Structures are given as C-alpha cells and as structure tokens.
Amino acid sequence: QVQLVESGGGLVQPGGSLRLSCAASGSILSIYTTAWYRQAPGKERELVAAISSGGSTNYVDSVKGRFTISRDNPKNTVFLQMTSLKPEDTAVYYCRTRVGVVDYWGQGTQVTVSS
C-alpha cells in the first residue's frame, strides 16, 4: 500500500552537490519519521539522516554540516540535500518510513562521487 520512490542520484565530482527526493504514496510522510539510509559496496547499511513528524532532524556524524534532510508536506516528499560530496559518500541511498510496525523502503538511487 505504501510506496516510496527515490530519485535524484547520479555521478558528481568531489565537492559537488545532489538533491535526492523520496516521494510517497499510500501514506502521509509528515506524520511518520522518515529517514535516508545508504549502503556502500561491502559495507553495512547505515542511517544517514532522519526527520520526525515534528520536524526534528538528526544526522550521522560524517555528514553533519554537509547534508540537510527536509520535507515538503503538500507534495508528500522528503528531500536530502547533499553538498561538499566526498568519494566516501558513494552508495545506494534508500528512503525509509515506518508505518505502525512495518518499515517501507524505496528501491534506492545510486550516488557516485568520483573525479
């Protein structure tokens, strides 16, 4: 019932910027905590940023000051603005929201940071 679709990934040079979008159907993201995760090759999936229903945000230390999570409630979309990108940011980025006791995940969007 709940569908999440990520977009905005791509290839960018170090120091560049990308804006990821997570568009939802079947739920209203503003009343749930929604988060961005990423998984690099050979590594565990990690939480990157999250935004609560009240608008509170948190970030993994490695992206603080560079990434910003935000929400557009009328569009039912959560964004991840990424700046000053580093090669170590290369990963598949996933959007996740928790509805009741069920987690819903998007299919992911690839972010590659390379010269």
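Just so you know, these numbers come straight off a predicted model, no measurement behind them. All values below come from the heavy atoms of this structure, side chains included, with hydrogens, waters and symmetry mates left out.
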Is it possible for you to say whether Val12 and Trp36 belong to one hydrophobic cluster, with membership spreading through side-chain heavy-atom contacts below 4.5 Å? yes
Pairing residues for Tyr104 by the side chain to side chain contact (heavy atoms under 4.5 Å, CB included) criterion, not counting sequence neighbours: Val2, Leu4, Thr97, Val99, Val102
Using only atom types and a distance under 3.5 Å, with no angle test, would you say the side chain of Thr90 pairs donor to acceptor with the backbone of Val113? yes
Smallest separation among heavy atoms of Ala49 and Leu80, with atom names: CB-CD1, 4.1 Å
Report the distance from atom CD1 of Ile69 to atom CD of Gln81, rounding to the nearest 0.5 Å. 12.0 Å
Do other residues, nucleotides or ligands put more than 12 heavy atoms under 6.0 Å from Glu44 CD? no
Rounded to the nearest 0.5 Å, what separation is found between the CD atom of Gln13 and the OG atom of Ser115? 6.0 Å
Identify all side-chain donor-acceptor contacts of residues 50-58 below 3.5 Å with residues at least two apart in sequence or on another chain.
residue : atom : partner : partner atom : Å
Ser52   : OG   : Gly54   : N            : 3.3
Ser52   : OG   : Gly55   : N            : 3.4
Ser52   : OG   : Ser56   : N            : 3.1

When you compare the side chain of Pro87 with that of Pro14, does any pair of heavy atoms fall below 4.5 Å? yes
What are the two closest non-hydrogen atoms of Pro74 and Asp72, and how far apart are they? CD-OD1, 3.0 Å
Between Arg96 and Tyr37, is any side-chain donor less than 3.5 angstrom from a side-chain acceptor? yes
Establish, yes or no, whether the cationic atom of Arg19 lies under 6.0 Å from the six-membered ring centre of Phe79 and within 45° of the ring axis. yes
Heavy-atom check, side chain of Tyr59 versus side chain of Leu47, under 4.5 Å: no
Can you establish whether the number of heavy atoms outside Gln110 located under 6.0 Å from its atom CD is more than 12? yes
Considering all heavy atoms, the nearest Leu85-Leu18 contact: CD1-N, 3.9 Å
Whether Arg45 engages the ring of Tyr94 as a cation-pi pair (distance to the six-membered ring centre under 6.0 angstrom, angle to the ring normal within 45°) should be assessed. yes
Could you tell me which non-hydrogen atom of Val63 sits nearest to which non-hydrogen atom of Val48, and how far apart they are? CG2-O, 3.8 Å
Non-hydrogen side-chain atoms of Val60 and Glu46 separated by less than 4.5 Å: yes
Between Arg98 and Thr34, is any pair of side-chain heavy atoms under 4.5 Å apart? no
Same cluster or not: are Leu11 and Met82 linked, directly or through other Ile, Leu, Val, Met, Phe, Trp or Tyr residues, by side-chain heavy atoms under 4.5 angstrom apart? no
If the plane angle is over 60° it's perpendicular, under 30° parallel, otherwise tilted; pick one for Phe67 and Tyr93. tilted
Could you tell me whether the side chain of Lys86 reaches within less than 4.5 Å of the side chain of Arg66, counting heavy atoms only? yes
For Ser84 versus Ser17, what's the shortest heavy-atom pair and its separation? N-OG, 4.4 Å
Should the heavy atoms of other residues, nucleotides or ligands under 6.0 Å from CD of Gln107 be counted, would the total exceed 12? no
Let me see the working for Val92 and Val111 under side chain to side chain contact (heavy atoms under 4.5 Å, CB included), right down to the final yes or no. CA-CA 6 Å; Val92 178; Val111 172; over 6 Å; no
Write down the atom of Ala40, the atom of Ala91, and the distance for their closest heavy-atom approach. N-CB, 3.8 Å
Any donor-acceptor N/O pair, Ser21 side chain to Glu6 backbone, under 3.5 Å: no
If the threshold is 4.0 Å, N to carboxylate O, is there a salt bridge linking Asp61 and Lys64? yes
Strictly by disulfide bond (SG atoms under 2.5 Å apart), give each pair with a member in residues 1-89 just once, sequence neighbours left out. Cys22-Cys95
Verify same cluster id: Val101, Tyr32 (apolar side-chain graph, 4.5 Å): yes
